[in-house]
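Here is the structure we will look at, set down as structure tokens.
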Amino acid sequence: MDQNSKPRGHLHPLSQIIWETQTIFKDLGFQIVEGPEIETEWFNFDALNIPANHPARAMQDTFWLKPLEARKLLRTHDTAIDARFLTDNEPPFRILTPGRVFRNEATDATHEAQFYQIGGVVIDQNVQMGHLKGMIEYFYRRLLGDKIEFRWRPSYFSFVEPGLELDIKWGNKWLEVVGAGMYHPNVFKACGRDADKWHGLAFGSAVDRLAMIKYGITDIRQFYSGDLRFLKQF
Amino acid sequence: MKFSYRDLEKYFAEPLPPVEQVVEAVLSHAFEVEEIVPVGNDWELEIKILPDRAPDAKTPHGFAQELSALLDRPLRPEFISSTEADNARTKISFQTSDIVGLIGVEISELEIIDYLKRLRIVVEKDGGKLVALIPADRLDLNIKEDLADEVGRLYGVNKIKVVSLPTVAPPTLNPNFELANKVKEMLLDDGYSEIYGYTFTDHGEVEVAKPLASDKAWLRTNLSEGMKKTIEFNLQNVIFDTEEVKLFEIGTVFIGSQEEIRVAVGSGSKKPKLKIEVTENKLSDWVNKVPSRPADLDRFIKPEFKFESFSVYPRILRDVALFVPDSEEPETVAELIKNNAGALLMEGPYLFDTFAKEGKKSLAFRLVFQSAERTLSDEEANQAMNQVILALETKGWEVRK
């Protein structure tokens, strides 16, 4: 062992994905925006057109905090950050919103109660689904290489209409990697913006899942283990 | 939802195309197909009906209606329902430009009307506007954006042409994110590795209403407690007791109604005596400690590689020390050891001690034995070491015992 040269530490794989992602989106003019991990029911659900009776709001999916009357929760998605930003800032803008999110679900190799999302939104006039597809495909090509194939499918998320999902071919399997769509007019209204004037190109991706795909990691819990046998490989 | 291909076929005027084509149409234009199970001359299709479509597409008849739109093939007359002004659930007023502006496909009014007709949506003209009459069972269709979704998916979301975003000015940096990255850069250069700890813990100031477990009912008030445990854990896995474990975390803690971003920096070692030290500050306290140039973590990004899972079974450490002639290179000796240690050698040999004596050189190596599948016995490690010793002695080198 060489005692003279001081070995460098290892950047956590999730930080690596977040860093690479922000580098790519910075080139597209996206600004990083963060938000609180404890969120209000309004920004996490209401402002995002998620109905009052939606199952995602239930105690078995969302970590509500005591006292329940305060209607505070641990944010379940980074889209809450977008709703805050849209409320406070006049478009046009392009933002990228990395952050820790929480879901009340039993943990196993592919599920964690805490994980990271990195999504974002472009709010502008004269932008449409072709731009949405374009920026997402650009991102995945730069992150995972030119050889990947894409398969877009229709999908449904309360806060977008139309809604889309993207599968990428990795090895010989199709993997679902991102949910996307055009902001629902109700989101603009809830955030005090003119739905007839603006379009919103929104997307969200799970950082943990991207890292698992990119590096071939099979157990999501390793990200939070602090185990150097894991971390030293990165 | 499970549907039988043959059962669906009964709703159609003519036979369905081959099952692969049906599946492809569903996947590209409507829903995920989770499974296709052949059953005799039939197939059972497991379709993930999107939640907003549950009211109309969950029954075989309803799904056949959807399939009829996707494949542009008519149902038998008795299964066709028509939408008219007096039985429409609602009316949506729209213009061609609303649809084109959202999906970005140059598509004519006629084509739009035709796509909607396949979905049993009748379009009437009202002056310069178009009015879509929505079938009673399509509870999900209420605004013009919903119509854009329908047209877009029937056209094919894969076919929508990819366009680059217009160029804009470079973004302003986010000061907090930037500061965190600068701190990371400094600590990484100083040999600290980054960890991500758990938010949930067994005590704190903010309580979760329905926790996953009683020891995860609170949100952490500090990073240090978790980090100390993580250092302790990692010290169990060091190869040499003098090795230092150096970690840092940047994360959110919850104090009263406040969230605070903290930086914890910790180190620990077993020898000369067991010590674990962690310091914790607010991220904002680091503002004056970091360089003013922009953060750059590029050199810490690992190029494309495949992660290798490591064994969870206990390892066995063994040392071997020997005298070799002064002219012998330690690398050559290490290579010989490695080649004779067998398949259970997981790590090493690590050279950890060397001194010269009377024209000879003493070398000491540590070897790590471990199996990916089971706990090793001492006997297996001994056998491997005997092979190593035999190989060294065959070379005429004196193994110190």
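Chain A is the first sequence line, chain B the second, and so forth, proteins listed ahead of strands; every chain is numbered from 1.
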How about A:Tyr224 and B:Tyr198: are their ring centroids closer than 6.0 Å? yes
With only heavy atoms counted, which part of A:Leu228 is less than 4.5 Å from chain B, the side chain, the backbone, both or neither? both
Highest number of heavy-atom pairs under 4.5 Å with chain B: which of A:Gln31, A:Lys72, A:Lys133? A:Lys133
Can you tell me which portion of A:His199 sits under 4.5 Å from chain B's heavy atoms? Options are side chain, backbone, both or neither. side chain
Region of A:Ile32 that comes under 4.5 Å of a non-hydrogen atom in chain B: both
Check each atom of A:Glu34 against the heavy atoms of chain B and say whether the ones under 4.5 Å are side chain, backbone, both or neither. both
Does the side chain of A:Leu65 come within less than 4.5 Å of B:Glu207's, by heavy atoms? no
Measure A:Glu176 against the heavy atoms of chain B and call it side chain, backbone, both or neither at under 4.5 Å. side chain
Less than 4.5 Å apart, any side-chain heavy atom of B:Pro171 and any of A:Arg94? no
Is it true that the side chains of A:Lys232 and B:Ser193 contain a donor and an acceptor less than 3.5 Å apart? no
Pairwise side-chain contact, A:Arg151 with B:Leu27, heavy-atom cut-off 4.5 Å (strictly under): yes
Looking at A:Glu37, is its backbone amide N or carbonyl O close enough to the side chain of B:Glu259 to form a donor-acceptor pair, meaning the two atoms are under 3.5 Å apart? yes
Backbone N/O of A:Pro162 and side chain of B:Glu145: donor-acceptor pair under 3.5 Å: no
Taking NZ, NE, NH1 and NH2 as the nitrogens, is one of them in B:Lys144 or A:Asp196 under 4.0 Å from a carboxylate oxygen of the other? yes
Pairs of heavy atoms under 4.5 Å with chain B: top-ranked of A:Met129, A:Arg229, A:His184: A:Arg229
B:Tyr196 and A:Ser15: side chain to side chain contact (heavy atoms under 4.5 Å, CB included), yes or no, with the steps? CA-CA 9 Å; B:Tyr196 279 34; A:Ser15 291; 2.6 Å; yes
With a 4.5 angstrom heavy-atom cut-off, which part of A:Val122 approaches chain B: side chain, backbone, both or neither? side chain
B:Tyr192 side-chain N/O to A:His10 backbone N/O, donor-acceptor pair under 3.5 Å: no
So do the side chains of A:Phe150 and B:Asn158 get within less than 4.5 Å of each other, counting heavy atoms only? no
Output, in order, the C-alpha distance, side-chain angles, deciding distance and verdict of side-chain hydrogen bond (donor to acceptor under 3.5 Å, both in side chains) for B:Thr199 and A:Arg100. CA-CA 10 Å; B:Thr199 296; A:Arg100 181 176 287 203; 2.7 Å; yes
Between A:Gln16, A:Glu137, A:Gln233, who has the most heavy-atom pairs with chain B when the cutoff is under 4.5 Å? A:Gln233
Does the B:Asn234 side chain pair with the main chain of A:Gly226, one donor and one acceptor, at a distance under 3.5 Å? yes
Of the listed residues (A:Phe63, A:Phe25, A:Trp64), which shares the most heavy-atom pairs with chain B below a 4.5 Å separation? A:Phe63
Relative to chain B, which segment of A:Ser225 carries a heavy atom at a distance below 4.5 Å: side chain, backbone, both, or neither? backbone
Heavy-atom side-chain proximity of A:Gln128 to B:Ile103 below 4.5 angstrom: no
A:Pro98, part contacting chain B, at a heavy-atom distance under 4.5 Å: side chain
May I ask you to test the B:Asp190-A:Arg8 pair for a side-chain heavy-atom distance under 4.5 Å? no
Mind ranking A:Thr23, A:Asp227, A:Ile217 by heavy-atom pairs under 4.5 Å with chain B and telling me who comes out on top? A:Asp227
Max heavy-atom pairs within cutoff under 4.5 Å with chain B, candidates A:Gln60, A:Gln22, A:Met59, A:Gln114, goes to A:Gln114
Check each atom of A:Leu201 against the heavy atoms of chain B and say whether the ones under 4.5 Å are side chain, backbone, both or neither. side chain
When the aromatic ring centroids of A:Phe230 and B:Phe310 are compared, is their separation below 6.0 Å? no
Between B:Phe300 and A:Phe234, does the ring centroid distance fall short of 6.0 Å? no
